[in-house]
**Q** 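Quick one: the structure is below, questions incoming.
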2 protein chains.
Amino acid sequence: MNDDAMDLRARNSQATREAISHAALRLAIEQGPNGLALVRVHDIATAAGVSPRTYNNYFSSRAEAICAFQADQSRRVGQALRSRPADEPLDQAVIAAVIELYTDPEPDKAGLRMIMLTPELEGEALKAFSMAEGPLAEAIAARTGTDPGRDLFPAVTAAAVAGAIRVAGRHWLEPGNTESFATMLRSALTCILPAEPHEDPRDR
Amino acid sequence: MNDDAMDLRARNSQATREAISHAALRLAIEQGPNGLALVRVHDIATAAGVSPRTYNNYFSSRAEAICAFQADQSRRVGQALRSRPADEPLDQAVIAAVIELYTDPEPDKAGLRMIMLTPELEGEALKAFSMAEGPLAEAIAARTGTDPGRDLFPAVTAAAVAGAIRVAGRHWLEPGNTESFATMLRSALTCILPAEPHEDPRDR
DNA sequence: TATCGATATTGCGTGTCACGCACTATATGC
DNA sequence: GCATATAGTGCGTGACACGCAATATCGATA
């Protein structure tokens, strides 16, 4: 995660990756949610200062490049939860972690709008948000002491959290909306987070 | 939904749609999760008895055709919830509706495995499951008397339910697993369903 | 039942894309 | 400073999605 932790090659690689992804998102935003077809691979590559073939070494579709930032963000949720104090109740820890992660740099409304409101990006956007589920489920399992192999709670909760973030984003983008993103996230997450995992009566 | 409720033309349309989708899924299963590239559009069209161009009138990608059944299934969740008795508590109603819908015809394990375990299908599979969210959120809002414009509860719960179904499916597919799909669904849904919507302290 | 009109199906052409392969340039480690 | 692993690139290919226009087919109505 820290650039210092990576060797020089990996850092360069990461840099071009971000250059491509950033260029892709920027160009997509310029054309708006209905002009995605106008964003050609050649343009993205040129804007990022690489050849089209190189673009394709990093991403296997335009959608993937455009949504890469959201995907990376999602991947960090698990780690964010792990960095919360261990004695914090699960619900508060998750809420705090998510809010911190999604509002530390001012969230990019244009980018989120592009990703969530472009029909051709729907699948990739869902993939991006669902990237949080795996690591998050593990972090939840670690925190609650549940075995993710037997108990569905961690995976289900992780999926629910990812869904709540998505819904919060959607509502945040809605036209007449004055609330902050943090507020929307808290409202959404509160809907599905119990303080402790339920006892499943079927558990053995 | 009832065939009788549709125009004859619409019924034929639906029939070819299903023929194409069915052929696509069948061919995909034959090649397995790692041979999706071998399923050509031409093969799907031929197997369905239509021209390649016609296939493309119904679906705009192979992935969409393959996942169409799951998508249709998801679309029915809202209606299934509405058909539960009005005095049933929300959690029980949702659980009963989902189990009924997903186990009435014996669930197609091979199809589910194909859809959920094929990397190239991941985005489309997520889209398919998320198809449930819209109608389901409306049904939940209707049942709980909440205004989906102001309150995030219906949308968030719908997303959580869709996620829980997904996770249940994933676990159901896991190798050493003797439980029935219904059991997995109940376990998963129990993790995220409160009997009643929470009071959001921020509500006004 | 015969005819008309709407609609589904199809063929063709086009632009784009993803990717395998082989070659070159670059920089990393010794 | 040199050998070598790794990133970047050019070219060629196969497949795909889709617009357009012509045709076949079906369903309703008199």
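Residue numbers begin at 1 in each chain, while the letters A, B, ... track the order of the sequences. None of these values were measured; they are calculated from a predicted model.
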**Q** Under 4.0 Å from OP1 or OP2 of C/dT10: is there any side-chain N or O of B/T54 that close?
**A**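 For C/dT10, OP1/OP2 do have a side-chain N/O of B/T54 under 4.0 Å.
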**Q** Does a donor on one side chain sit under 3.5 Å from an acceptor on the other, for B/S21 and B/Y58?
**A**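 Their side chains do not contain a donor-acceptor pair, so the 3.5 Å distance test is not met.
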**Q** Between B/T16 and A/Y55, who's closer to the 5' end of DNA chain C by nearest nucleotide?
**A**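 The 5'-side residue here is B/T16.
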**Q** Rounded to whole angstrom units, what separation is found between the CD atom of A/E64 and the P atom of C/dC17?
**A**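 Those two atoms, CD and P, are 15 Å apart.
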**Q** From the options C/dT28, D/dC16, D/dA7, select the nucleotide whose nearest atom is closest to the side chain of A/N12.
**A**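 Of C/dT28, D/dC16, D/dA7, C/dT28 is nearest to the side chain of A/N12.
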**Q** Of the nucleotides C/dC17, D/dC16, D/dG8, which has the atom closest to the B/V41 side chain?
**A**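 Looking only at heavy atoms from C-beta outward on B/V41, the closest nucleotide is D/dC16.
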**Q** Could you check how far CZ of A/R11 sits from P of D/dT6, rounded to whole Å?
**A**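 A/R11 atom CZ is separated from D/dT6 atom P by 18 Å.
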**Q** Choose from D/dT9, D/dA7, C/dG11 the nucleotide whose nearest atom is closest to any side-chain atom of A/V50.
**A**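 Among D/dT9, D/dA7, C/dG11, the one nearest the side chain of A/V50 is D/dT9.
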**Q** Pairs in or reaching into residues 119-128 of chain B: which pass salt bridge (charged side-chain N to carboxylate O under 4.0 Å, His left out), with residues at least two apart or in two chains?
**A**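 Only B/E124-B/K127 qualify under salt bridge (charged side-chain N to carboxylate O under 4.0 Å, His left out).
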**Q** Using modelled atom types and a 3.5 Å cut-off, is there a donor and acceptor pairing between side-chain atoms of A/T118 and backbone atoms of A/M114?
**A**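 Side chain of A/T118 to backbone of A/M114, a donor-acceptor pair under 3.5 Å: yes, one is there.
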**Q** Could you state the CG-C1' distance from A/N57 to C/dC17, rounded to the nearest angstrom?
**A**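 My rounded result for the distance is 14 Å.
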**Q** Without decimals, in angstroms, what is the distance between A/R62 CZ and C/dC19 P?
**A**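 Nearest whole value for this atom pair: 13 Å.
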**Q** Dump the pairs, protein N or O against N or O of nucleotides 12-14 of chain D, anything under 3.5 Å, distances to one decimal.
**A**
none

**Q** Starting the side chain at C-beta, find the nucleotide from C/dT9, D/dC18, C/dA18 nearest to B/N56.
**A**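 Of C/dT9, D/dC18, C/dA18, D/dC18 is nearest to the side chain of B/N56.
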**Q** With a 4.5 Å heavy-atom cut-off, do A/L27 and A/L38 have their side chains touching?
**A**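 They are not in side-chain contact.
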**Q** Whole angstrom is fine here: how far is it from CG in B/L38 over to P in D/dA15?
**A**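 Taking atom P of D/dA15 as the reference, CG of B/L38 is at 11 Å.
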**Q** Taking OH from A/Y58 and C1' from D/dG8, how many angstroms apart are they, rounded to a whole number?
**A**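 A/Y58 atom OH is separated from D/dG8 atom C1' by 8 Å.
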**Q** Can you give the donor-acceptor pairs under 3.5 Å from side chains of residues 41-48 of chain B to other protein atoms, not counting sequence neighbours?
**A**
unit_1: B/D43; atom_1: OD2; unit_2: B/R40; atom_2: N; d: 3.4
unit_1: B/T46; atom_1: OG1; unit_2: B/H42; atom_2: O; d: 2.8

**Q** Roughly how far, to the nearest 0.5 Å, is the CG atom of B/D72 from the CZ atom of B/R17?
**A**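 Interatomic distance, B/R17 CZ to B/D72 CG, rounded to 0.5 Å: 6.0 Å.
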**Q** Across the strands shown, which category fits B/F59 at heavy-atom distances under 4.0 angstrom: base, sugar-phosphate, nothing?
**A**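 The answer is nothing, as B/F59 stays clear of every strand by at least 4.0 Å.
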**Q** Nearest-Å distance, CD (B/E120) to C1' (C/dA18)?
**A**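 The distance from CD of B/E120 to C1' of C/dA18 comes to 12 Å, rounded to the nearest Å.
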**Q** Just one of B/V161, B/V98, B/T157 clears the side-chain contact (heavy atoms from CB on, under 4.5 Å) bar with B/L136, so which one?
**A**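 Single side-chain contact (heavy atoms from CB on, under 4.5 Å) partner of B/L136 among B/V161, B/V98, B/T157: B/V161.
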